[in-house]
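Single-structure report; data block below.
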Amino acid sequence: MARLGVFLLLLVALSAPGARGFYLPGSYPHKYNPGELLNVKVNSLTSIDTEIPFSVKDVAENLGELLMGDRIENSPYRFKMYTNESDVFLCRSAPLAPDAFSLLKKRIDEMYQVNLILDNLPAIRYTRKDDYFLRWTGYPVGIRVGVDYYVFNHLQFTVLVHKYEEANVARVMGSADATDVIPGGAKDGSSDSSSGWMVVGFEVVPCSIKHNPEDVKSNKMYDRYPSKIKCDPTTVSMSIKENEPIVYTYEVTFVESDIKWPSRWDAYLKMEGAKVHWFSILNSLMVIAFLAGIVFVILLRTVRRDLTKYEELDSEAQAQMNEELSGWKLVVSDVFRAPSNPMLLCVMVGDGVQILGMAVVTILFAALGFMSPASRGTLITGMLFFYMVLGILAGYAGVRVWKTIKCGDHSGWVGVSWRVACFFPGIAFLILTTLNFLLWGSQSTGAIPFSLFVVLLLLWFCISVPLTLVGGFLGAKAPHIEYPVRTNQIPREIPPQKYPSWLLVLGAGTLPFGTLFIELFFIMSSIWMGRVYYVFGFLFIVLLLLVIVCAEVSLVLTYMHLCVEDWKWWWKSFFSSGSVAIYIFLYSINYLVFDLKSLSGPVSATLYIGYSLFMVIAIMLATGTVGFISSFCFVHYLFSSVKAD
């Protein structure tokens with residue numbers, strides 16, 4: 001999946017996620033003058049209990065944000081740059097009607113979080129546990145104590161600011177292998193712009209304070225609250241009751257910080273247990289690389305010894321040897337016999353190439369910093385873009401394999417191309433549509449709008465399908481891979497096996513799973529626990545190692561099957577590495593049972609299982625394709641070295 005030529009860039013990318021002062025391309029510092037208005041925005045309410053987001057007026061989102069369920073809107077919170085304010089009255093709600101009261105209690109029970117954003121930075125909240133602090137994005141709607149429900153109606157904001165750094169010349173900030181030029185400001189050397197500030201941090205402390213609604217009857221928004229408010233996050237006092245209003249207030253403090261603007265995302269990108277993360281990943285990589293190296297060396301020595309011994313014999317001795325010995329040499333006339341369901345195999349290989357290519361390119365771009373969390377939805381948008389563009393590679397690979405299996409006959413390539421273009425997207429469409437109906441029924445913002453469905457279908461039929469057909473046309477025109485040996489008309493009988501071959505194929509997925517199960521925990525936590533995942537350097541290395549191990553496992557299994565005269569290796573080579581998807585799905589179920597214990601309701605569990613199923617199908621196609629291609633190359637090389645009539 002990777003090229004040796006990007007090794008140096010990869011080293012830079014590996015250090016980027018944890019590096020101080022890492023600059024995220026596509027986002028630039030905004031200078032605010034003292035007293036300038038700062039608008040706080042609010043994203044969808046999220047919960048790790050239900051995994052169903054809810055909207056809180058919509059603004060324009062990109063494709064990735066819509067697919068992720070993000071709905072960013074303006075909030076009533078308003079600050080003035082470098083102006084501390086306290087005891088600010090925000091609003092007095094209408095008396096809680098029975099329906100609103102029940103809904104608010106339900107949202108508190110389901111642990112929904114309010115996600116505020118200032119200058120593209122999510123509000124971060126710190127909680128103390130034992131001797132260390134935990135970081136959270138957003139704050140809870142409220143809390144339940146016994147049978148009473150309390151709402152957090154007062155927010156204590158802290159905005160970290162850094163002096164705008166002025167230069168008479170353009171300032172260049174490095175990012176991975178590229179540089180972005182940020183204008184330095186006025187050319188006349190005036191200090192007008194240097195008086196501004198940049199937002200480098202946004203923290204929130206939620207408090208539950210008992211306000212008297214009668215005291216603010218005549219107050220307008222942003223007036224001062226009649227009495228002094230003391231925020232104590234360790235106590236709660238504003239219990240919600242039916243037919244009673246809630247008064248909301250806030251305070252904001254600006255603090256000058258040493259954090260520079262390029263480093264302002266460090267607090268979000270740091271992962272808990274970084275030392276454990278490094279140790280576990282490196283330990284896993286070393287063990288798997290060591291095992292894979294041993295397997296590879298043994299295989300090379302075994303095959304080379306057999307080939308050398310076979311080549312040194314004359315024709316009569318070879319014939320005698322064929323009579324006396326069993327093994328892969330005896331299936332020379334059957335090894336390239338067409339598999340069952342050849343079109344389905346070609347379609348799955350084509351889709352696997354497309355998915356693997358999308359994963360490689362997306363993770364590489366993310367590792368180099370081009371898909372930063374500052375640009376919400378860019379990762380999903382990038383994945384869709386690369387997937388559609390790589391349709392040309394999928395069509396080419398599928399038709400090329402089809403033409404090879406048919407020994408140069410390219411008839412039927414249009415049907416193969418169409419199936420490649422529709423197989424995986426059709427499965428994805430079926431799963432996502434089913435889940436979307438569940439989200440629509442829950443009135444969640446996680447549901448894909450109907451208009452977006454139309455856009456996705458247009459992108460599919462107007463871009464992905466034509467590119468796949470173009471790739472299929474190129475594959476039909478390309479020369480097929482000629483087999484080094486001839487295939488007999490009568491298939492050779494396969495001897496009875498001591499163990500079912502499919503049992504070995506299913507067990508082979510454990511080794512590739514071992515390369516990624518640690519990183520899988522961090523990815524699952526990012527998706528389902530609302531944590532930011534940005535160690536794409538790690539992920540790139542893990543993906544590289546996964547591809548290598550999948551190739552070698554499939555290669556070894558194919559060799560073992562040939563040694564027991566089982567020449568039906570085509571599908572087995574695909575599923576020997578593709579079976580890693582089974583273990584990933586089982587791990588997902590384990591994660592649901594033991595790590596997402598708070599997940600409530602059948603809708604939430606169905607969503608989780610549906611998305612997990614979608615993920616493992618994509619992984620099966622990608623890893624299975626790696627195994628099939630490596631086995632095909634190995635078998636072709638192995639039998640091209642054999643002297644056969």
Measure across [X] and [Y] and return the closest heavy-atom pair with its distance rounded to 0.1 Å.
| X | Y | value |
| --- | --- | --- |
| Cys346 | Ile405 | SG-CD1, 4.0 Å |
| Thr558 | Ser573 | OG1-CB, 3.6 Å |
| Ser417 | Val399 | OG-CG2, 3.4 Å |
| Ala421 | Val465 | CB-CG2, 4.0 Å |
| Ile355 | Ala622 | CG2-CB, 4.2 Å |
| Thr625 | Met348 | OG1-O, 3.6 Å |

Quick check against the 3.5 Å criterion: does [X] have a side-chain atom that pairs as donor or acceptor with the backbone of [Y]?
| X | Y | value |
| --- | --- | --- |
| Tyr608 | Ser588 | yes |
| His480 | Trp402 | no |
| Trp460 | Gly426 | no |
| Ser579 | Val505 | yes |
| Arg400 | Pro479 | yes |
| Asp119 | Leu121 | no |
| Lys403 | Ala476 | yes |
| Gln354 | Tyr387 | yes |

Could you check if a side-chain atom of [X] sits within less than 4.5 angstrom of a side-chain atom of [Y], using non-hydrogen atoms only?
| X | Y | result |
| --- | --- | --- |
| Phe424 | Val347 | no |
| Tyr483 | Val335 | no |
| Thr606 | Thr434 | no |
| Ser630 | Glu552 | no |

Once the angle between the rings of [X] and [Y] is folded into 0 to 90°, is it parallel (under 30°), tilted (30 to 60°) or perpendicular (over 60°)?
| X | Y | answer |
| --- | --- | --- |
| Trp571 | Phe574 | perpendicular |
| Phe632 | Phe336 | perpendicular |
| Tyr559 | Phe634 | perpendicular |

Q: Count the heavy atoms of every other residue, nucleotide or ligand shown that sit under 6.0 Å from CZ of Phe365, and state whether that count exceeds 12.
A: no
**Q.** Donor on one side chain, acceptor on other, Ser554 and Ser631, under 3.5 Å
**A.** yes
(Q) Would you say the ring centers of Phe429 and Phe614 fall short of 6.0 Å from each other? (A) no
